[in-house]
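Read through the structure below, which is laid out as structure tokens, and then see the notes.
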Amino acid sequence: MAHPKSADSKNSIKTLNFYLTTEQPCSYLPGRRASSVIVDPRAPITTQMYSALIDYGFRRNAEHVYRPHCQSCASCISVRIPASEFMPSRSQKRTWRRNEDIEVREVAMAYQEEHFELYHRYLSGRHSGGGMDNMNPEQYMDFIMLSGLDNTRLYEFRLDDKLLAVAVVDHLPQGLSAVYTFFDPQHEARSLGTHAILWQIHEARRLGLTWVYLGYWIRECRKMSYKNRFRPAEIYRNNQWLRIDA
């Protein structure tokens, strides 16, 4: 069931221009070509606008809002979790208990050297060779923090004073959107990526919000397999949200 949108939200996105990008090599599936529908980069995107766009399967990368639109592939599937109905698996329950000693703190949306160093350790340990390894602080700030939205928040996950993970989260009227999470690869046994999503589901419930948006899932991409383990879920296909229970 789609979240009902106000007339103002729907009307606001009718004023936007959309463009189709040229094809380029796919970042996720070798040998595939990818293109996207993007919102006019010159248009100021408000939180209200983005909350409407995300329910049409769009996603943001920094300040750019896009939706995959590939000629010969439909593998990118937008996923969202109904927070109040979520039922953790046995493995997810163990992950939650394993991380009960972690404290989550909201911090200012500002550059911190400690975060930048953790980000580089995460990329080196989990996404080496992915083209983002050599980001400088300015590029990191653009990627992580530049959104144009007025309700993007930064959360630290700490064990005592040790920084284990950082999550960037968009707060929208209908839910939370998991923008990006990076964590210490030396603590693999804690399943920190999964724990960050579980925390966001818990936080959405606490705030009385309906959804947690996980972005795109690709069946053939092993690094995205974790998104398939949260149930129930909804996926956006053929211009509608479809329920998945099992």
Side-chain angles (χ1 to χ4, degrees), residues 1-16 18 38-67 78-84 86 103-112 114-116 118-119 138-158 163 165-183 193 195-216 227 230 233-234 236 241:
M1 180 181 66
H3 180 83
K5 288 291 172 188
S6 69
D8 288 344
S9 295
K10 290 181 178 179
N11 289 335
S12 66
I13 64 174
K14 288 180 180 178
T15 66
L16 296 172
F18 297 84
I38 63 169
V39 177
D40 186 346
R42 298 165 297 182
I45 304 297
T46 65
T47 297
Q48 201 70 23
M49 282 181 173
Y50 185 58
S51 73
L53 288 163
I54 203 170
D55 274 345
Y56 287 107
F58 281 80
R59 187 75 174 163
R60 77 170 182 85
N61 184 346
E63 79 276 28
H64 300 295
V65 180
Y66 70 99
R67 187 172 74 184
S78 189
V79 179
R80 68 184 185 184
I81 309 300
S84 65
F86 171 69
E103 179 187 3
V104 182
R105 310 174 186 171
E106 182 181 347
V107 295
M109 286 292 295
Y111 176 80
Q112 296 190 40
E114 185 182 21
H115 293 181
F116 183 59
L118 176 64
Y119 179 70
E138 291 75 21
Q139 292 168 321
Y140 161 80
M141 285 286 288
D142 286 348
F143 175 63
I144 295 296
M145 299 181 186
L146 185 60
S147 71
L149 304 181
D150 56 11
N151 214 0
T152 300
R153 303 185 190 181
L154 197 65
Y155 295 97
E156 293 181 339
F157 293 71
R158 288 187 178 272
L163 181 67
V166 173
V168 185
V169 181
D170 287 336
H171 282 243
L172 305 174
Q174 75 273 34
L176 302 180
S177 175
V179 179
Y180 198 79
T181 300
F182 53 96
F183 50 84
H195 179 67
I197 294 175
L198 293 172
W199 180 84
Q200 289 176 62
I201 294 171
H202 184 272
E203 183 69 358
R205 284 179 172 174
R206 187 184 71 81
L207 296 172
L209 300 173
T210 305
W211 307 106
V212 173
Y213 296 85
L214 300 186
Y216 297 115
K227 296 183 182 182
F230 294 86
E234 291 193 0
Y236 192 76
W241 288 98

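All values below come from the heavy atoms of this structure, side chains included, with hydrogens, waters and symmetry mates left out.
Counting heavy atoms from C-beta outward, Val168 and Thr181 have side chains that stay 4.5 Å or more apart. Between His64 and Val39 there is no side-chain heavy-atom pair separated by less than 4.5 Å. Side-chain contact between Asp40 and Phe18 is absent, with no heavy-atom pair separated by less than 4.5 Å. Put simply, the side chain of Pro173 reaches to within 4.5 Å of the side chain of Gln48, judged on heavy atoms. Side-chain contact check for Leu16 versus Met49: some heavy-atom pair is nearer than 4.5 Å. Side chains of Arg105 and Phe157 form no contact here, defined as non-hydrogen atoms less than 4.5 Å apart. Side chains of Val104 and Glu156 form no contact here, defined as non-hydrogen atoms less than 4.5 Å apart. Under the 4.5 Å side-chain criterion, counting only non-hydrogen atoms from C-beta, Val169 is not in contact with Thr152.
Atoms CG and CD1, from Leu198 and Ile81 in turn, are 10.0 Å apart once rounded to the nearest 0.5 Å. Within the model, atoms CE of Met109 and CG of Asn151 stand 10.5 Å from one another, a figure rounded to the nearest 0.5 Å. Atoms CG and CZ, on Leu214 and Arg80 in that order, are 11.5 Å from each other to the nearest 0.5 Å. For the atom pair Gln139 CD and Ile144 CD1, the distance stands at 12.0 Å (nearest 0.5 Å). Atom OH of Tyr155 sits about 4.5 Å away from atom CH2 of Trp199, to the nearest 0.5 Å. With rounding to the nearest 0.5 Å, the separation of CD1 in Ile54 from OG in Ser177 is 3.5 Å.
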Let's go through Leu172 and Leu176 carefully: what are the C-alpha distance in whole Å and the side-chain angles of both, what is the deciding distance for side-chain contact (heavy atoms from CB on, under 4.5 Å) to 0.1 Å, and is it a yes or a no? CA-CA 6 Å; Leu172 305 174; Leu176 302 180; over 6 Å; no
Apply the test side-chain contact (heavy atoms from CB on, under 4.5 Å) to residues His171 and Leu207: give CA-CA distance (whole Å), side-chain angles for both, the deciding distance (0.1 Å), then the verdict. CA-CA 10 Å; His171 282 243; Leu207 296 172; 3.8 Å; yes
Chi angles and distances behind the side-chain contact (heavy atoms from CB on, under 4.5 Å) call for Asn61, Phe143: CA-CA 7 Å; Asn61 184 346; Phe143 175 63; 3.4 Å; yes
Walk me through whether His115 and Leu154 qualify under side-chain contact (heavy atoms from CB on, under 4.5 Å). CA-CA 11 Å; His115 293 181; Leu154 197 65; 3.8 Å; yes
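Between the Lys227 side chain and the Val79 main chain, no donor and acceptor come within less than 3.5 Å of each other. Within the 3.5 Å criterion, the main-chain N or O of Tyr56 finds a donor-acceptor partner in the side chain of Arg67. Counting only distance, with no hydrogens or angles, the side chain of Gln174 and the backbone of Ser51 share a donor-acceptor pair below 3.5 Å.
Within the structure, every pair that satisfies the salt bridge (Lys or Arg N to Asp or Glu O under 4.0 Å) test and touches residues 169-181, not counting sequence neighbours, is listed here: Arg60-Asp170.
Side-chain rings of Phe58 and Tyr66 stay apart, their centers remaining 6.0 Å or farther from each other.
At a cut-off of 3.5 Å, with distance as the only test, a side-chain donor of Tyr213 or Asp55 sits close to an acceptor on the other residue.
Comment: Glu103 does not engage Arg158 in a salt bridge, judged by the lack of any side-chain N to carboxylate O separation of less than 4.0 angstrom.
Nearest heavy atom pair, residue Ala52 against residue Ile13, reads CB-CG2, 4.0 Å.
Among the candidates Tyr111, Phe183, Tyr140, the single residue satisfying the ring-ring contact (aromatic ring centres under 6.0 Å, His included) test with Tyr119 is Tyr140.
By the neighbour-count criterion of 12 heavy atoms within 6.0 Å, atom NE2 of His202 is sparsely surrounded, having that number or fewer from other residues, nucleotides or ligands.
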